[in-house]
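Before we start, here is the structure in question, set down as structure tokens.
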2 protein chains.
Amino acid sequence: MSTNTADSYSISELAQEFGITTRTIRFYEDKGLLTPQRRGQTRVYTPEDRVRLKLILRGKRLGFSLDESREIIDMYDPAHGNVEQLNRLLDRIDAKRQQLRQQQRDIEKMLAQLDDATARTEAALKEHSN
Amino acid sequence: MSTNTADSYSISELAQEFGITTRTIRFYEDKGLLTPQRRGQTRVYTPEDRVRLKLILRGKRLGFSLDESREIIDMYDPAHGNVEQLNRLLDRIDAKRQQLRQQQRDIEKMLAQLDDATARTEAALKEHSN
DNA sequence: GTTGACGTTTACGTTAACGTAAACTTTAAT
DNA sequence: ATTAAAGTTTACGTTAACGTAAACGTCAAC
């Protein structure tokens, strides 16, 4: 467990903090989403690893696949060389933006729908008090 | 195909309109999300069926499972009898609202991240013009 | 020195959401 | 009549994202 110096985490610390299993974290590593260091055989996670994990889980809440989350995370680091690649990156970023905007609209509509459902249900409840 | 009187649709009409396969539509029926009528052996979809399909796909874009989408769709119809059930329904509706609000926050953060990514990428591009 | 908590690898199992294909029927058009 | 297009059922296949279990190592504590 080691004293949490706040610049390294064990796998179970992260698992507990985010409410997931260690299996899940190792799975993400298998898929290349995390690449922790090793102290001997044991995985050691940096704050950057933790941030990546956070981003993965955020993507998950939005219904993204691990591949999509990986793509988004990689977008933040334009270490990709030539001009053409950078332009394609800009396009992919824009595409994701469009997708998120669509999701925003979908959420708005669904929230309105829920308001409607609440109203109807409360109406049904008032019926019962008669 | 039949003349589209706008009050009934064939399975392939719906498939084409929403960019999915007929297999998918039949699968949703298998899962109890759609219950079209039959003209002989052939499925005939009403505008209400079409709306349900639309809601399913909206849920899908938000990362919902079919079970979740079914739940949300069913929320709109409080045909459920007693007071206790109605109160539980109100709770479930509220829970969904919370979830959608969380998604809104996630989207905001991710959009900010994308803006950041765009800025960085454009900066990297300007580097190339030197 | 053994127990228990935590870590590791390897591997098979499971569920959701369809894809794909076969084998057949019905309807529309040539 | 014979295609061609669209429909049907049945059933096996596939992928993603883990769950579950076995079998083992390590190390601090009693």
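Residue numbers begin at 1 in each chain, while the letters A, B, ... track the order of the sequences.
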* **Interatomic distance, A/Leu14 CG vs C/dG7 C1' [rounded to whole Å]** =>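 Distance, rounded to whole Å: 14 Å.
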* Asked: Knowing that exactly one of B/Ile11, B/Thr35, B/Leu53 qualifies, which makes a side chain to side chain contact (heavy atoms under 4.5 Å, CB included) with B/Tyr45?
  -> B/Ile11
* Report the residue (B/Gln41 or A/Gln41) whose heavy-atom-nearest nucleotide on DNA chain C is the more 5′ of the two. =>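 Per heavy-atom nearest nucleotide, the more 5' residue is A/Gln41.
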* Asked: Quick one: do A/Arg97 and A/Asp94 make a salt bridge, cutoff under 4.0 Å?
  -> yes
* Asked: Please give, in whole Å, the distance from D/dA17 P to A/Glu68 CD?
  -> 9 Å
* Can you sort out which residues in residues 21-32 of chain A have a heavy atom within less than 4.0 Å of DNA chain C? Ascending by number, please. =>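 Contacting residues: A/Arg23, A/Arg26.
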* Asked: According to a strict under-4.0 Å criterion, is B/Thr42 in side-chain N/O contact with OP1 or OP2 of D/dT8?
  -> no
* Asked: To the nearest Å, how far apart are A/Ile11 CD1 and C/dC6 C1'?
  -> 11 Å
* **For B/Ile56, the option from B/Tyr28, B/Phe64, B/Phe18 that meets side chain to side chain contact (heavy atoms under 4.5 Å, CB included)** => B/Tyr28
* To do: Look at B/Arg70 together with B/Asp67 and state whether they make a salt bridge at an N to O cut-off of under 4.0 Å.
  => yes
* Salt bridge check: are B/Arg88 and B/Glu84 linked by an N-O gap of less than 4.0 Å? ->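 A salt bridge is present here (some side-chain N lies under 4.0 Å from a carboxylate O).
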* Got a salt bridge between A/Glu29 and A/Arg38, using NZ or NE/NH1/NH2 to carboxylate O under 4.0 Å? ->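 So A/Glu29 pairs with A/Arg38 through a salt bridge.
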* Asked: Roughly how many Å is it from CD1 in A/Ile20 to C1' in D/dA17, rounded to a whole number?
  -> 12 Å
* Asked: Do A/Arg120's NZ or CZ and the ring of B/Tyr76 fall within the cation-pi criteria of under 6.0 Å and 45°?
  -> yes
* Round to the nearest Å and state the distance from B/Leu33 atom CG to C/dA16 atom P. => 13 Å
* Using only side-chain N and O atoms of B/Arg43, determine if any of them is under 4.0 Å from OP1 or OP2 of D/dT8. =>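 So the side chain of B/Arg43 is within the cut-off, an N or O lying under 4.0 Å from OP1 or OP2 of D/dT8.
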* **B/Arg39 CZ - C/dT25 C1' separation (whole Å)** => 17 Å
* What is the distance from NZ of B/Lys60 to P of C/dA16, rounded to the nearest Å? -> 16 Å
* In whole angstrom, what separates B/Phe64's CZ from C/dT15's C1'? -> 19 Å
* Shortest side-chain distance from B/Leu66, nucleotide among D/dT8, C/dC18, C/dT9 ->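 From the listed options, C/dC18 comes nearest.
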